[in-house]
Amino acid sequence: MKSLHLLCLLMLVAALTACEDVVSVNLQNGRPQLTVDAWVNSLRYTQEVRLSMTAPYLQNTPSSPATGAVVTITDITAGRVYAFTDPDNNGTYTWQPVPGDTLARLDRQYRLDVSYQGESYESFSTARRVPAIDSLSGEHVEPEGLSSRTGFRAEVYARDFVGTGDHYWIKSYQNGRFLNKAGEINIAKDASVGFGTDGIAFILPIRRGINPDPPADLFQTGDTIRVEIHSMGEEGFVFWTQVREQINNGGLFATPLANVPTNIRNRNAASANKPVGFFNVALSSERGLRVPRK
Amino acid sequence: MKHSLFWMLLGILLCLAGMTQAQNKFTLSGYIKDAATGETLIGATATAKGVGTGSVTNAYGFYSLSLPPGTYTIEFSYVGYTIQTREVNLTANVKLDVELAEKEDALEEVVVTAEREDANVKNVEMSTNRLDIKTVQRVPALLGEVDLVRAIQLLPGVSTVGEGATGFNVRGGNIDQNLVLLDEAPVYNSSHLFGFFSVFNPDAVKDVKLIKGGIPAQYGGRLSSILDVRMKEGNAKQFSASGGIGVIFSRLTLEAPIVKDKGSFIVAARRSYIDILARPFLRGDLSSSQFYFYDLTAKANYQLGKRDKIFLSGYLGRDVFGAGFNFNWGNSTATLRWNHLFSDRLFLNLTTFYSNYDYRLAFGQNNNDRFDWNANVINYSVKPELTYYLNPKNTITFGGQATYYQFRPGNAQGVSQGQVSNISLPYQYALETALYIANEQTVSDRVSLQYGLRYSRFNYYGAGIAYYYDQNTPAGIRRPLVRQEEFSAGTSIATYGNFEPRFALKYELTGTSSIKASYNRMVQYLHLMSNTAAASPLDIWTPSTNNIKPQIADQWAMGYFTNLKENSYELSAEAFYKTFQNQVDYINGSDLLLNRFLEGDLMFGTGRAYGLEVYAKKNKGKVNGWVSYTLSRSERQVEGINNGNWFPTRFNRTHNLTTVLTYDHNTRWSFSATFTYQSGTPSTFPTNRIDLQGYLIPHNVDDTRNNFNIPAFHRLDLSATLQGKQKPGRRWESYWVFSVYNIYNRRNPYSIYFRPNVDNPNQPEAVRLAIIGAFVPGVSYNFKY
């Protein structure tokens with residue numbers, strides 16, 4: 001939030017001379033670590049846990065998948081075990097809910113278990129409450145202020161629960177494609193960005209945070225927009241705050257590069273194989289919209 | 001108890017110093033001024049010829065010299081001014097004010113310092129640089145805008161994290177460890193436009209002194225340096241005006257006597273004017289956008305009888321940006337000073353000041369959805385200081401200071417769909433007090449000492465809330481709140497007291513060379529919360545609390561100083577070693593703004609810095625200037641960062657070389673050049689990447705901090721000054737300054753950062769950011785009447 005607005009100010013004043021070039025640097029390559037990407041939710045689609053190995057940062061091929069693992073998520077409260085399998089042998093372990101079934105239920109406690117190459121990893125998560133999306137709307141806009149973009153500026157309306165400690169990850173899709181630029185990471189803490197608000201409607205920057213990030217244009221007539229709100233704990237909020245900061249850490253007011261946190265641990269604390277990644281079981285709400293004509 | 005100890009020490013010191021005064025003496029005292037403007041001269045000398053004793057004028061131009069009865073030839077001198085000699089018959093105390101005339105050929109023999117020619121060898125002070133404003137004006141400047149802070153960065157031991165970054169780093173210290181004083185009032189943010197320009201209007205500045213080590217006892221409150229900026233007093237003889245138009249600013253300064261030779265004033269204003277030029281070209285919503293900055297500096301002084309003089313000065317500056325949002329920040333200061341002569345040997349300066357730094361950030365054009373936030377740090381201070389010219393061998397300074405602080409870390413209100421949330425943070429209050437005594441003593445022809453003691457005390461008190469955090473949390477992770485306690489108005493939440501000894505020694509090896517050594521302990525009770533590469537105007541100043549302990553630094557320095565060829569060349573080499581305690585650092589993902597539980601995100605560590613500074617300066621002739629080279633290292637150790645190992649700070653610059661050259665071609669043309677080379681700043685580079693949810697997240701497998709250095713910074717700037725034709729009898733003078741910044745067009749890296757390619761998010765890349773990535777020409781027209 002701070003860097004966002006200061007950056008646009010800085011662009012205004014330093015546009016004359018500031019410049020960015022892609023340069024080649026020699027990075028030290030570290031040993032690969034197991035990455036556990038386990039963000040599952042209550043929505044009807046196939047739930048995935050992706051396992052891969054960290055790659056040298058500048059490598060221009062995809063990270064190699066971690067195959068042959070055993071992956072389960074256990075609903076500790078209900079004692080039910082969900083087995084995730086990797087039918088395509090590509091590191092994507094899936095579980096397909098039958099219609100009407102869901103993995104994530106309110107206030108249940110979950111444990112993730114991963115067995116890979118003789119090591120055993122675990123993580124815990126609690127499914128937290130999520131507000132319904134009251135509406136998804138918007139308007140066609142002309143260039144204004146510092147923005148020269150045209151199109152349909154969408155807004156998602158939802159209201160935070162009373163009581164602090166609610167954290168949300170708001171994902172947005174344009175024609176089925178997840179908007180995954182750094183500036184498109186949209187998270188909320190009690191309806192705002194952690195300033196001590198509570199129980200109010202999501203603040204404007206979050207409501208509008210579902211739009212494509214500049215320099216891309218806004219949504220266009222005929223586009224489908226889909227918005228999902230996923231609940232998470234405070235660690236999840238901190239995780240996404242840091243991911244957002246770390247994957248585009250430029251400008252005068254950059255923060256030092258720092259490793260994002262992980263909530264996955266090796267059961268053998270003495271092992272040299274330390275995992276990275278994150279496990280979260282979310283309750284989710286969603287809403288879609290086809291952009292109308294002007 | 002501690003206070004009575006202090007007064008005891010004072011008594012002992014006075015007795016010791018008094019022992020050297022056996023015979024009857026009379027005092028010659030007065031002010032040394034500029035004959036043309038009536039400005040008092042700081043650092044001018046009055047010397048009794050043949051006796052070998054002298055006195056240097058203080059910050060108010062006052063000197064005092066005690067001598068046995070008799071007739072003396074007194075020489076009054078100041079660099080760049082004609083020496084004046086007076087016969088004085090001392091049969092009683094004599095008051096003698098002297099006005100010195102600037103040398104006619106001053107243009108050719110350019111003054112690089114405003115001190116006496118051999119000051120760097122003879123004075124006990126070390127690690128101190130004085131910049132004459134005339135020198136600052138000749139240094140090539142960004143966009144032709146003369147800038148004090150940029151000029152300071154050319155001095156040994158001074159560096160910056162990068163172009164466009166606010167502030168400066170002295171001897172391995174953070175930017176918040178510099179006490180920036182404008183007529184004795186602290187300036188909390190010395191930058192316009194984030195850091196491109198500093199807030200000091202060069203037309204209103206008289207004297208600039210940077211003290212990096214051997215800091216005298218009268219200064220305290222910051223660890224690394226004192227930047228003491230003194231404003232002009234205004235022309236006491238006649239009305240005069242000066243000003244100019246540059247690429248960024250238009251400037252105008254007016255000076256005039258209030259009553260001739262009794263009082264005068266100066267008013268200086270600057271404003272950027274790009275917005276005015278741009279207005280016709282802005283369309284739609286942008287036509288109401290704002291982007292400008294200004295500052296207004298004013299000062300008046302008045303002589304009330306023979307023994308009293310009062311000064312009133314003020315500063316008001318602001319940066320304003322807005323386009324669908326409003327963001328503005330600024331400092332204001334006001335200083336009232338009273339100089340009083342109790343006797344010819346006892347000089348009082350009583351300073352009271354007010355200083356305020358505030359900012360406001362607001363979004364939202366309608367009342368249903370908006371955000372409005374402002375923050376301040378306000379202080380009021382009173383500071384009596386007495387200088388006792390005990391005898392020619394001892395000058396005792398003693399005094400105190402009391403500063404009341406009010407911190408308003410955030411008055412904030414958010415409105416979402418018409419529903420108002422007040423998310424303000426409580427105010428914080430503190431009182432900082434200090435007592436000090438110091439003596440500058442000439443022990444023999446060769447040995448001089450400056451020693452003193454400062455006792456400082458900080459009281460963080462209510463009304464307020466003290467927060468207590470879990471101390472057993474592993475380092476590097478947010479500490480959860482255990483409990484909080486409310487304190488009523490006036491009750492102490494935390495108090496700290498510290499003795500700060502100061503010591504400096506000069507030993508003259510020959511008439512033209514000396515060695516010096518110094519030690520000082522500095523204590524800092526205020527902290528700037530900033531975890532970004534460059535500090536931003538939104539960063540908050542925080543007092544020491546029950547969780548945040550005062551920062552402490554100890555510094556040892558030693559140096560060799562020599563002048564060659566009748567003071568044409570000055571050479572010096574200084575080595576320093578500095579340790580830091582209670583250095584604030586931040587957990588990953590710390591939340592510094594509008595965060596009630598900010599202290600839970602802080603970590604504390606220690607620091608060390610050491611280095612060697614070599615400085616050579618040529619003072620006379622058609623070509624002059626200086627070369628400065630600093631080899632240094634600045635490191636921190638914080639549990640929870642870099643696996644608890646030492647790591648270089650963000651502002652560590654191993655090599656730092658600057659060269660300043662000026663050349664006077666003839667009476668109309670002069671040229672100058674500066675070259676800067678600085679090792680690249682340390683930065684943390686990733687080793688690996690984590691592929692998660694479609695994002696490629698940089699990852700450092702060993703969790704090291706600052707494991708790389710970005711490429712070095714170097715830059716050459718040139719400027720040429722063309723004096724207007726001078727016509728006899730006309731007071732109008734004008735000159736043009738043409739400059740080119742970064743002449744070989746280097747894209748000096750400010751940072752290298754990592755991101756996914758914009759078109760192909762699966763391909764990460766390293767990006768070099770150059771804040772000023774091109775050569776920048778500039779021109780300014782300046783006049784004086």
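Atom set for the values below is all heavy atoms of this structure, side chains included, hydrogens, waters and symmetry mates excluded. Within every chain, numbering begins at 1; the chains are lettered A, B, ... in the order of the sequence lines, protein sequences first and strands thereafter.
A side-chain donor-acceptor contact under 3.5 Å links Asp319(B) and His192(B).
Taking the side chain to side chain donor-acceptor pair (under 3.5 Å) definition, one finds that Thr681(B) meets it with Arg650(B), sequence neighbours left out. Qualifying ring-ring contact (aromatic ring centres under 6.0 Å, His included) partners for Tyr741(B), counting only residues two or more places apart in sequence or in other chains: none.
Heavy-atom contacts from other residues, nucleotides or ligands closer than 6.0 Å to CG of Asn422(B) number more than 12.
Residue Gln242(A) touches chain B through its side chain alone, counting heavy-atom pairs closer than 4.5 Å. With a 4.5 angstrom heavy-atom cutoff, Pro261(A) does not touch chain B via any of its atoms. Within the 4.5 angstrom heavy-atom criterion, no atom of Asn595(B) approaches chain A. Contact of Ala412(B) with chain A is not made at all, since no heavy-atom distance falls under 4.5 Å. For Glu48(A), no part lies under 4.5 angstrom from a heavy atom of chain B. Within the 4.5 angstrom heavy-atom criterion, no atom of Arg370(B) approaches chain A.
Note on Pro32(A), Gly277(A), Ser63(A): by heavy-atom pairs under 4.5 Å with chain B, the leading option is Ser63(A). Among Ile200(A), Thr35(A), Thr197(A), Leu204(A), the residue with the largest count of heavy-atom pairs under 4.5 Å with chain B is Ile200(A). Counting heavy-atom pairs under 4.5 Å between each of Ala191(A), Ala254(A), Ala182(A), Ala38(A) and chain B puts Ala254(A) at the top. When the candidates Gly196(A), Pro56(A), Ala258(A), Ser52(A) are compared by the number of heavy-atom contacts under 4.5 Å with chain B, Pro56(A) comes out ahead.
Listed for the Thr687(B) side chain is no donor-acceptor partner under 3.5 Å among the backbone atoms of Asn29(A).
In this structure, Asp217(A) does not pair ionically with Arg149(A), as no charged nitrogen and carboxylate oxygen lie closer than 4.0 Å.
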request  = Starting from the C-alpha separation in whole Å, work towards a yes-or-no answer on ring pair (Phe, Tyr, Trp, His ring centres under 6.0 Å) for Phe194(B) and Trp329(B).
outcome  = CA-CA 10 Å; Phe194(B) 305 104; Trp329(B) 73 88; 5.4 Å; yes
